[in-house]
Amino acid sequence: MPAYILELIVVGLGLILLLLESFLPRLGAKGLAAIGSVGLLVVLFLLPSVTGAPSESTGIIWKFYSADSLALFYKGLALITTILVLMMSVVYVPVMQRYLGTGGGVGEYLILPVFTCAGLMWMASANDLTSIFVSLEVVTIGFYIMVAYMRRNVGSLEAGVKYLILGAVSTGFLVYGIAFLFGVTGQTNLDVISTVLGLLEGQDKIILFSFALLLVAFGFKVAAVPFQMWVPDVYQGAPTPTAAFLSVGSKAAGFIVLSRIVDAFLGDHGVQTGDGSYQDQIQRVLLVVAGATILFGSLAAIPQTNFKRLMAYSSISHAGFILLALACAYPVRMDMASGEVVAFYLAAYLPMTMAAFFVLCIVRSSRGEEEISVLDGLGKRSPFLAFVLLVSVMGLAGIPLTVGFLGKLYVFQAALDQGHFVLLAIATLGAAAGFYYYFKVVRSMYWNAPSDQDAIAVGTGSRVLLALLAAAIIFLGLNQGIILGFLR
Amino acid sequence: MIIRRSALVILMCLEIMLSAANLALVAFSRFRLEAGLPDYDGQMLVFFVITVAAAEVAVGLAIVVALFRSRRTIDVTTLTSMSH
């Protein structure tokens, strides 16, 4: 079965869900989410059985689409993320209904992630400028709606407008970058572009110009400094499941495309570091952006009091670490390719972030706030929720024995192998700042006196999922071979 | 675009940005002749961009309408409810 069938199944699933929502309204949010998650789980199990491009080119689709092991890995990440987001949305539905008014259903909110998932999966495979553009927009437009979904809530609308305007500007940069890359190479397929770029001489300025435009567009997607200004506001205003989806799904897809583009530009053209060629300059720009992103994300997170804003800045700082891994792509000197370091980090980031946002969803649906102070005394009121959140922030901070530690370790190794000592110092500073601001959450849960004593009700399904996520954070941290096994 | 205050005008400016990029694509494909014909890869991409831009503006207008309904203004400089 060719790999692109998977995206067709996911889109078909979304259409079926839309029909069910219209014709069987008594299905309710739970029914829709259950059908959606089961469908996506089936696709997840089909994932290992798909085949890549046939050896002789038989269809035009393989000009736009690739199905290497990295693409399949990111497809798996997209599917798991979407299933978790659907589950989270069910918990969040009571909060949303308060802001929808009469005649506002939540059905679409549970169906849009399925369509967005198809876009994310397609992004993982896109290897042509055309398919990159279209799949990226499928994802972005889905997110515009999900961010602004609570249409009677001022924060959600404000976040929606901000995301819309800045997202559309980044689309403009993307198309302009694509236009110049097409202009200088005359090709749209990334593999062919890489070959053509290796043969071009004396075109460095225009190549760098097109790369800069593309970096702006993808810097926006992955929340890299200086294109990060939308992140805190959008995370704070958007419905919590959407913030989680943005933080994991959108970032992972942005990074797979960015790493494909960086690969196309750097290629294996046999250029030495430090010779002033455009490859060298691209690498240097990536290093500077990575360092600025780590610094900004880590330092700006320190004074935050809103949990979602804290997660937003933490997501920026994690993007910095991933960018650092990406910048160490060239020349490859270690036993792990930089694409694998990036994929490993993102796979580690998934359960940690999802667990944190899941706990926040549950707390939010019982208490109407998202400040860190609502977690006060959670260790006494709901020891289970507090424990899951503890494991998740430990992972995010990168404490040993969690999967987050391994992710950071590989990034540090890559930077050390390449001799980027300044970046190494910045990354250490960022990780140390991380300990401090994640500790604020732990302190609030276990040291501060609770404002009320009632335990927070947690459904059985949520309990099982949270336990699974917490187990994954520790288990994957002890057996790094599992994620690497999926990668190869 | 950056000096405008109305969300509606900003959306229009975004469309102009995309049109500019489209124009660049068409121009590049026109100047790269293959056997006397333009390179149609670029022009194919333009059709995708036009379609996507239409979808984007449809969603954008819906969000602006929702914004107007709840706040009675679409002036983007008033969108400052979140802490910094």
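In what follows, chains carry the letters A, B, and so on, assigned in the order in which the sequence lines appear, proteins first and then strands, with residues in each chain numbered from 1.
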- Message: Does any backbone or side-chain atom of A:Y144 lie under 4.5 Å from a heavy atom of chain B? Answer side chain, backbone, both or neither.
- Response: both

- chain A heavy atoms under 4.5 Å from B:L11: which part of the residue, side chain, backbone, both or neither? side chain

- Query: Which atom pair, heavy atoms only, marks the closest approach of B:M44 to A:T130?
  - Reply: CE-OG1, 3.6 Å

- Query: With chain B, which of A:P303, A:G155, A:G186, A:G237 has the greatest number of heavy-atom pairs at distances under 4.5 Å?
  - Reply: A:G186

- Query: Side chain, backbone, both or neither: which part of A:A148 has a heavy atom under 4.5 Å from chain B?
  - Reply: side chain

- Item | Distance, nearest 0.5 Å, that separates CG of B:L67 from CZ of A:R151 | 13.5 Å

- Correct closest heavy-atom pair for A:I141 and B:V59 would be CG2-CG2, 3.6 Å

- Note on the structure: Rounded to the nearest 0.5 angstrom, the CZ-CG distance for B:R71 and A:L157 is 8.5 Å

- Quick one: pull up OG1 in B:T80 and CD in A:E158 and give me the separation to the nearest 0.5 Å. 6.5 Å

- Select, from B:V26, B:L25, B:V57, the one with the greatest count of heavy-atom pairs under 4.5 Å involving chain A. B:L25

- Does the side chain of B:D41 reach to within under 4.5 Å of the side chain of A:K63, using non-hydrogen atoms? yes

- Item | Any side-chain heavy-atom pair of A:V161 and B:V64 under 4.5 Å | no

- Item | Distance (rounded to the nearest 0.5 Å) between A:T185 OG1 and B:F28 CZ | 10.0 Å

- Supply the atom-to-atom distance A:L164 CG to B:I10 CD1, rounded to the nearest 0.5 angstrom. 9.5 Å

- Message: Report, in residue-number order, which members of residues 170-183 of chain A are under 4.5 Å from chain B by heavy-atom distance.
- Response: A:T171, A:G172, A:V175, A:Y176, A:I178, A:A179, A:F180, A:F182, A:G183

- Message: Counting neighbours of CZ on B:F48 that are heavy atoms of other residues, nucleotides or ligands and sit closer than 6.0 Å, is the number greater than 12?
- Response: no

- Item | Portion of A:V184 that has a non-hydrogen atom of chain B nearer than 4.5 angstrom | backbone

- Message: At a 4.5 Å cut-off on heavy atoms, which part of B:R69 comes close to chain A: side chain, backbone, both, or neither?
- Response: neither

- Item | Which atoms of B:T51 approach chain A - backbone, side chain, both or neither, heavy atom under 4.5 Å | neither

